[in-house]
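Take a look at the structure below.
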Amino acid sequence: MAVVTGAGRGIGQAVARNLGERGATVVAIDLKNPEETVDLLTSGGHTAIGLTADVSDPEQTAAAGAEAIGRFGKVDILVNNAGIFPFYTIEELDYDKWRRVLAVNLDSQFLMVKAVLAGMKKGGWGRIVNLTSNSIITAAPGLSHYMASKMGDIGFSRGLANDLAPFGITVNAVGPTLTITPGVREIHPPEALEAIAQAQAIKRNALPDDLVGTIAFLTSDDAAFVTGQTIMADGGYAR
Ligand SMILES: NC(=O)c1ccc[n+]([C@@H]2O[C@H](COP(=O)([O-])OP(=O)(O)OC[C@H]3O[C@@H](n4cnc5c(N)ncnc54)[C@H](O)[C@@H]3O)[C@@H](O)[C@H]2O)c1
């Protein structure tokens, strides 16, 4: 069984769909009921359920993990994808905004690992992929809080790889470039998207499906000896 957070739309939805197509039972978790993702999967003949939870909340993540394990037994795959990316200068940033970004983008990855770990250890095999971002290298203005959270995701992944290797569990981070998702469309003007495409080696904007192959590999048997790594699946922007 595969758990995907932020699976209601965007990259998380594409990853959930791909995992279902590869034979996984999918537990799609999102702040808003991820019914569209569940419909996509079940109408394709795959098994999926949706859970509504705020993955920055300790009680809600514990409950979601317990429900996933209660329904399907062992957890094979966890993709920690949920994230938010508001732009603030340091003057605009206050402590509450800072805490919210750190909680959703970084605390959530820790909380979801804690929520599913017992179910993953059961199988003696596991794959954890944490979404980071190539912005930790490309450093767009107005993202200091976001970059701190996404650097944290890499540090967490690298450290956790040590702790979980004895259990047959790998942990890796994947960093997209700017990817055309509903979240990005809400905040980025079209001209900014074109400028980013031109800065990449591959000069077109990424779509959610551009991430699924890298995550499919890292969650497969073939990646058994790959852990603690960060892969920028970003069209060669951070090159
Ligand atoms: N799209 C990009 O350009 C881009 C670039 C680099 C990294 N990323 C990372 O990829 C991930 C997905 O981004 P996206 O563009 O698909 O985002 P999106 O905004 O399109 O979708 C994110 C989903 O996560 C859910 N979500 C947000 N906060 C949540 C919470 N507290 N609990 C549960 N669910 C929550 C939202 O409801 C939404 O369905 C994020 O971690 C983001 O930081 C995205």
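One-based numbering, in listed order, for ligands and for the atoms of each.
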Exercise for the section: Before signing off on this row, confirm whether L31 and ligand 1 have an N or O atom pair separated by under 3.5 Å. Expected result: yes

Practice task
Say whether S133, considering both its backbone and side-chain N or O atoms, lies within less than 3.5 Å of an N or O atom on ligand 1.
Solution key: no

Handout entry: Heavy-atom gap L178 to ligand 1 smaller than 4.0 Å
Key = yes

Practice task
For atom 26 (N) of ligand 1, state which one of I29, I84, D30 supplies the nearest heavy atom.
Solution key: D30

Handout entry: Atoms of ligand 1, numbered as shown, that sit under 4.0 Å from any heavy atom of R100
Key = 31 (N)

Problem - Cation-aromatic face contact R100/W98, 6.0 Å, 45 degrees - result: no

Handout entry: Heavy-atom gap P34 to ligand 1 smaller than 4.0 Å
Key = no

Practice task
Check whether any side-chain heavy atom of E59 sits under 4.5 Å from a side-chain heavy atom of T61, and report yes or no.
Solution key: no

Practice task
Just let me know how K150 lines up against ligand 1, side chain, backbone, both or neither, with a heavy-atom cut-off below 4.0 Å.
Solution key: side chain

Handout entry: T227 side chain vs V171 backbone, donor-acceptor pair below 3.5 Å
Key = yes

Problem - Per-atom contacts of ligand 1 with A53, taking only distances under 4.0 Å to non-hydrogen atoms - result: 32 (N), 33 (C)

Problem - Atoms of ligand 1, numbered as shown, that sit under 4.0 Å from any heavy atom of P182 - result: 20 (O)

Handout entry: Shortest protein contact, atom 19 (O) of ligand 1 (heavy atom only)
Key = R9 NH2, 2.8 Å

Exercise for the section: Quick one: look up the protein heavy atom nearest atom 16 (O) of ligand 1 and list residue, atom name and how far away it is. Expected result: I11 N, 2.9 Å

Practice task
Examine S56 against ligand 1 and note whether any of their N/O atoms are separated by less than 3.5 Å.
Solution key: no

Exercise for the section: Kindly identify the option in P176, G183, P208 whose heavy atom sits closest to atom 20 (O) of ligand 1. Expected result: G183

Problem - Polar contact flag for V55 and ligand 1 (N/O pairs, less than 3.5 Å) - result: yes

Exercise for the section: Would you check the N or O atoms of L131, main chain and side chain alike, for any that come under 3.5 Å of an N or O of ligand 1? Expected result: no

Problem - Heavy-atom side-chain contact between L40 and Q13 under 4.5 Å - result: yes

Handout entry: T181 N/O to ligand 1 N/O under 3.5 Å
Key = yes

Practice task
Check each atom of ligand 1 against the heavy atoms of G10 and keep those under 4.0 Å away; list them by number with element.
Solution key: 16 (O)

